[in-house]
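Following: one structure in structure tokens, then a few remarks.
Order of the sequence lines sets the chain letters (A, B, ...), proteins ahead of strands, with each chain counted from 1. Hydrogens, waters and symmetry mates are skipped; everything else that's a heavy atom, side chains included, is used.
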Number of protein chains: 2
Amino acid sequence: MAKSSTPSRERIVAGAADMISRRGLSATSIREMAKHAKAPLGSTYHYFPEGKQQLATEAVRYTGEWVARSLRKELEAGPAAGLKAFLDLWRKVVVDSDFHAGCPVLAVAIEEPQDGEIPPALTAAAEVFEQWETLLADSLRAYGAQTEQAAQLATLTVAAVEGTVAMCRAKRSTEPLDRIAEQLLVLIAAAAPK
Amino acid sequence: MAKSSTPSRERIVAGAADMISRRGLSATSIREMAKHAKAPLGSTYHYFPEGKQQLATEAVRYTGEWVARSLRKELEAGPAAGLKAFLDLWRKVVVDSDFHAGCPVLAVAIEEPQDGEIPPALTAAAEVFEQWETLLADSLRAYGAQTEQAAQLATLTVAAVEGTVAMCRAKRSTEPLDRIAEQLLVLIAAAAPK
DNA sequence: GGTAGACTATGACGAACGTTATAGCCAGAG
DNA sequence: CTCTGGCTATAACGTTCGTCATAGTCTACC
């Protein structure tokens with residue numbers, strides 16, 4: 001008992017994140033998530049008793065932490081290095097999946113809440129975006145950027161990368177990523193001189 | 001006969017674009033699209049015999065042309081005016097829908113092709129992005145921007161706005177749009193001085 | 001006024017959906 | 001050994017999905 005850290009549970013979450021990033025939340029069925037993680041369907045409802053919403057929420061947070069970890073590490077070398085890592089990470093996701101996968105956080109963010117209630121997965125997506133922005137903005141400020149400028153630039157960076165990943169998938173090319181990389185690197189160099 | 005320009009057909013396409021922008025493509029059923037346009041289900045298969053994919057493709061192109069029209073008009077006053085119109089247009093979509101609607105082109109762009117085939121709706125999304133970028137880039141060049149710089153800035157703008165619209169929905173706030181607006185306006189003013 | 005062809009109404013098809021229930025397995029504690 | 005409780009296996013529930021077929025209505029021209 002109390003042995004709730006079975007590798008099976010994390011495998012389901014990681015697999016769910018991958019599938020959501022490819023097909024979107026509502027096009028991904030719980031049966032497929034289970035099969036993709038080689039777990040029985042019953043297990044998903046055992047680990048995630050609140051069903052699909054809970055699984056989606058955890059997948060978003062899982063991705064958020066995965067990216068944040070890389071971001072935190074590379075930002076130690078300054079905001080430009082952090083941005084490069086951010087760009088490379090998403091480029092790898094897109095290329096390795098042959099333009100099939102993207103960002104699961106974005107995929108969840110654009111699904112409409114149909115009740116009056118705001119689904120927890122959407123709130124989680126907002127928090128993940130906020131977290132990424134804060135990491136970037138803090139680093140920019142630490143390297144000399146003005147407070148307001150840092151916040152604006154961080155938002156621009158996260159939004160542009162998210163949008164560009166989607167554009168790369170549609171165009172089946174990484175050229176959009178290459179283009180915004182140049183622009184963002186210049187911007188960051190100018191805003192955070194030291 | 002030959003009276004294929006019934007208002008009913010366009011109503012279905014416009015309604016489909018709206019619904020796709022809210023819930024994504026696969027979460028939007030043909031039955032709901034028909035009901036939303038007050039058209040019978042049979043009519044959708046009469047007007048769009050290739051089914052859901054055709055309807056999605058036309059919805060993407062419809063939105064693409066709607067935005068391009070506004071863009072072309074406002075860009076006559078220069079790239080800064082065009083950008084402002086682009087931002088305002090999407091801000092209006094997000095606010096008027098109480099953060100429920102976004103961009104249907106983005107929604108279609110992030111759906112995985114499950115066969116080896118690339119669905120026509122995805123190709124249409126790529127073309128729409130390309131069209132918006134070209135409109136912006138041409139205007140930037142006409143006002144003095146370098147060729148390469150103009151292309152990069154146009155891609156950054158479209159991608160950032162698309163990503164920001166999604167962020168605004170998740171956060172239920174227009175603040176991200178306000179932030180990137182400032183940054184992009186400065187960028188464009190610097191790149192296209194006259 | 002009759003006939004053709006554009007549109008609508010209705011219902012059905014198999015498949016897949018999210019979710020739940022129940023019975024079985026199989027480790028470790030007593 | 002027995003027993004408990006975490007996990008699995010299997011089947012079923014009601015609903016909705018995309019798509020198709022068919023019969024009916026309506027309108028515009030000859």
Rounded to whole Å, please give me the gap between CE in A:M33 and C1' in C:dT19.
13 Å
Does the distance from a Lys or Arg side-chain N to an Asp or Glu carboxylate O, for B:D18 and B:R22, drop under 4.0 Å?
yes
In this structure, how many angstroms lie between the C1' atom of D:dC20 and the CZ atom of B:F48, rounded?
17 Å
Output the rounded distance in Å from CD (B:Q54) to C1' (D:dG18).
14 Å
Whole-Å distance, B:L41 CG to C:dG11 P, equals 13 Å
Is the closest basic N to carboxylate O distance between B:K84 and B:E74 below 4.0 Å?
no
Base, sugar-phosphate or nothing for A:T28? Non-hydrogen atoms, less than 4.0 Å.
sugar-phosphate
The side chain of A:H46 lies closest to which of these nucleotides: C:dT19, D:dT8, C:dC7?
D:dT8
Within this structure, what is the NZ-OG distance for the pair B:K35 and B:S29, rounded to the nearest 0.5 Å?
9.0 Å
Think A:S29 has a side-chain N or O under 4.0 angstrom from the OP1 or OP2 of C:dA16?
no
Judged by each residue's nearest nucleotide on DNA chain C, which is more toward the 5′ side, A:L25 or A:G42?
A:L25
Would you indicate which nucleotide in D:dG6, C:dC7, D:dC17 comes nearest to any side-chain atom of B:E32?
D:dC17
I need the CD-C1' distance between B:Q114 and C:dA15, as an integer number of Å.
15 Å
Given C:dT19, C:dA9, D:dG6, identify the nucleotide with an atom nearest to the side chain of A:Y45.
C:dT19
When you measure from the side chain of B:R31, which nucleotide among C:dG11, D:dC17, C:dT8 comes out closest?
D:dC17
With a 4.0 Å cut-off, would you call A:R179 and A:E175 a salt bridge?
yes
Of the listed nucleotides (C:dC17, D:dG18, D:dC7), which one gets closest to any side-chain atom of A:Y47?
D:dC7
Let's see if you can work this out: which of C:dT8, D:dT8, C:dC17 has an atom nearest to the side-chain heavy atoms of B:S43?
C:dT8
Atom NZ of B:K52 to atom P of D:dT16: distance rounded to whole Å?
15 Å
Any chance CD of B:Q146 has more than 12 other-residue heavy atoms, nucleotides or ligands included, within less than 6.0 Å?
no
Rounded to whole Å, CZ of B:R9 lies from C1' of C:dA6 at a distance of 14 Å
Which part of the nucleic acid does B:S26 contact within heavy-atom distance under 4.0 Å: base, sugar-phosphate only, or nothing?
nothing
